[in-house]
Amino acid sequence: FCQSPSMSAKISRFCIALVAMGLTLFTLDIEEIRSFLPRGGLDMADTTWSKTALRKYFRYLNRIPAKMKEEVPQNRSSSNTPINPCDNININATATTAIRQNNVVHPHDYSIIIVHYHKTGYVLSRFLTKEVVTLEYEARGLHERAKKAKMTNEYYISGYDEDTGEQIIFSRVGSWNRNAFDARRHDRKTNCPTGFSLEKSAIYLQESPDFFCSDEDLTNKLLGILPDGEILKMKETVADDNLLHNKLEDETKGTKIIHLVRNPFDMALSNYFYHSQDPTPEIWVHTDNPCQNHYADGETLAYHVMPTLTMEIDGAPATKITRYQLESVTSMCRSIFRSSPEMSNLTFYEHLMTLNKWDGLRLATAQMIVASSKANNHLAGGDVLRMANNLIRFKRLRSPSTDSIPKEKREKLLLLTMSMDEYIQDTKDFVIDFHEFIFGRGNVTVSREQIVKAAEERALNAEKVKVRDKQHVTSGKHDDKYELKARLRQDPILGPILNETELLVHEALRSSKQFLSSEFEMQ
């Protein structure tokens, strides 16, 4: 069957891989197998291709009607008996399957994306995502898997049980040192991150995304909705109407966006203090040009964000930031960086260590505002503007005045904006809000008691870190941070941009507080 002449080589190899892993193919024709393949086809040099295909295969198994399952004969019970590829496997109806067959929304019917920026929660997002995985494992009594999940750092973790094919946890895309999609970069055609599209039942970790595409495109990518061209192509290639329905229904029921932000003044100070340490924690500061504001295509970061910063939302301009103000930041940056013969060969880091604190802070803050990140291989830079851009974009996606987004799509996007300042001030409540947004209130799998316990443990750990930091020898060396923050506010070049961004942050946080205080229902 797998070596049928009508099969392409890639589909044949995928078929054989399934059989080799002990998975039996049944009621599957060539078009069904093809539907499990990634949209762009299989790259046989990519070792992760089979995980993607298997995930879609398991999802297919969970959609088989109960009646069909009853008609499927069981496999031989003896583990010593070789599995015949032509035998059918027994699939037990699971609680998850039953819920979805009755069209009740389950937490795994959503996709989750956690968006953050430099100095706004990179480490925290990784810890909390691992906590989501371990909470689900613990709730099912899978304690060994929970321990293993805490230690693993794989880019992709499947949420499907290898034995039953049931989805038991959220899948995870992104690891400690790798984002789900490229950070601070975008596809030249779509103006969104290359390959950006979400699937339900997965949590995506994403730092500093370039969301410069249209409202309609961004909405469709967040919801995992196929473009019209792909749907038309699928209708031409998938003969079975039921399979086509299942394929199209595989789109997410909705997407939950967790947007981790920070007061831009605190963000700027944290960035400067962090990178001016001796030794510096990150090596890119030795090679960076903080004033490099162009992408590879020659366009500047300001060019991409200005349409968003100046657009109208609900009848008012999103910000008062002007192109001239951003150009002034670039000019100021160049007036400081390698501006004299004695500093012409110094690195960005050496500037931070040599300049007085105010000029060092101005240089580092300029890099956080206008730098495209091209000079440091997209590891940092421009995140203040990206954060402002994405705060506005997310607001537009939820606004009734955005005519390009139908109401039924708009209502599928759930947004929770959270700040590092809130985490520091009240860790327990922050963590509870985070998990309840993902799992919903009254979740039958992960109880509120489990969530509260996890939040209390994280709060205890956070308190220990605070005590340790106060006892550290470097504690107190930034006693002038309040003075520097005040100077940033009053600075004629940096102040207006940071102030406008601060207003966006405060507005988004207020909206999220109102959302959390309402009786939101998410199963």
Side-chain angles (χ1 to χ4, degrees), residues 38-40 43 46-52 54-56 107-108 110-137 145-146 148-160 167-187 192-211 218 221-224 252 255-262 282 284 373 377-380 383 386-387 390 394 414-418 420 423 431 434-435 437-439 458:
R39 292 173 191 169
D43 178 3
D46 182 0
T47 58
T48 64
W49 70 268
S50 59
K51 292 182 179 179
T52 302
L54 285 172
R55 182 155 43 93
K56 294 185 177 182
H108 291 165
Y110 286 89
S111 61
I112 313 289
I113 182 168
I114 303 173
V115 176
H116 60 91
Y117 307 89
H118 192 55
K119 309 309 297 176
T120 71
Y122 188 100
V123 174
L124 178 62
S125 66
R126 270 61 184 169
F127 278 128
L128 290 178
T129 304
K130 283 191 174 184
E131 201 164 81
V132 169
V133 173
T134 55
L135 276 173
E136 289 201 271
Y137 275 140
R145 293 192 191 184
K148 184 178 178 181
K150 289 181 181 179
M151 305 301 295
T152 186
N153 190 36
E154 295 180 14
Y155 168 72
Y156 173 77
I157 295 179
S158 173
Y160 288 83
Q167 176 138 21
I168 55 177
I169 64 168
F170 277 101
S171 298
R172 190 190 76 190
V173 186
S175 62
W176 189 268
N177 52 5
R178 185 179 172 190
N179 291 291
F181 307 96
D182 288 339
R184 305 178 184 88
R185 279 172 281 188
H186 55 273
D187 183 275
C192 255
T194 301
F196 181 75
S197 183
L198 307 186
E199 292 186 5
K200 68 179 181 182
S201 313
I203 297 180
Y204 296 81
L205 288 165
Q206 185 60 46
E207 181 183 25
S208 306
D210 277 2
F211 286 150
L218 181 55
K221 290 176 183 296
L222 285 168
L223 293 174
T252 175
T255 293
K256 298 178 182 179
I257 305 165
I258 298 177
H259 196 192
L260 298 181
V261 298
R262 193 171 187 180
E282 300 184 26
W284 60 262
S373 78
N377 197 28
H378 308 283
L379 294 173
D383 280 13
R386 285 190 184 86
M387 183 174 72
N390 296 341
F394 290 153
L414 302 178
L415 173 64
L416 179 64
T417 306
M418 311 183 81
M420 282 296 296
Y423 176 78
V431 175
F434 177 90
H435 288 308
F437 181 69
I438 290 177
F439 293 116
R458 182 143 304 278

I need the minimum non-hydrogen distance between [X] and [Y], along with the two atoms involved.
X	Y	value
Y117	L260	CD1-O, 3.6 Å
I169	E136	CA-OE1, 3.2 Å
A380	W284	CB-CZ2, 3.3 Å
E131	T134	O-OG1, 3.0 Å
M387	R262	CE-O, 3.3 Å
P209	V115	CD-CG1, 3.6 Å

State whether the side chain of [X] and the backbone N or O of [Y] hold a donor-acceptor pair below 3.5 Å, judged by distance alone.
X	Y	value
K256	L414	no
T152	K148	no
E199	G224	no
Q167	S201	yes
Y156	A180	no
R185	T194	no
R184	H378	yes
R386	E207	no
S171	G159	yes

Using side chain to side chain contact (heavy atoms under 4.5 Å, CB included), reason through I157 and F170 one step at a time and then give a plain yes or no. CA-CA 9 Å; I157 295 179; F170 277 101; over 6 Å; no

Just checking, any donor-acceptor pair under 3.5 angstrom between side chains of [X] and [Y]?
X	Y	result
T255	S111	yes
H116	R126	yes
S208	D383	yes

Take V132 and F434, measure what side chain to side chain contact (heavy atoms under 4.5 Å, CB included) needs, and give me the verdict at the end. CA-CA 10 Å; V132 169; F434 177 90; 3.9 Å; yes

Nearest 0.5 Å please: distance from the [atom1] atom of [X] over to the [atom2] atom of [Y].
X	Y	atom1	atom2	result
H435	R458	NE2	CZ	7.5 Å
L128	I203	CG	CD1	10.0 Å
Y204	I114	OH	CD1	12.5 Å
T129	I258	OG1	CD1	7.5 Å
K200	I112	NZ	CD1	13.0 Å
E154	R178	CD	CZ	11.5 Å

Any chance you could lay out the side chain to side chain contact (heavy atoms under 4.5 Å, CB included) test for L198 and V173, step after step, and finish with the verdict? CA-CA 10 Å; L198 307 186; V173 186; over 6 Å; no

Would a 4.5 Å heavy-atom cut-off, applied to side chains only, mark N153 and N177 as touching?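 The answer is yes; the side chains approach within 4.5 Å.
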
Counting C-beta onward and ignoring hydrogens, is there a side-chain heavy-atom pair between H259 and N390 closer than 4.5 Å? yes

Under the ring pair (Phe, Tyr, Trp, His ring centres under 6.0 Å) test against F127, which residue among W176, Y423, Y122 passes?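 That would be W176; it is the only one of W176, Y423, Y122 passing the ring pair (Phe, Tyr, Trp, His ring centres under 6.0 Å) with F127.
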
Could you point out which residue of D210, D187, L218 forms a side chain to side chain contact (heavy atoms under 4.5 Å, CB included) with F196? L218

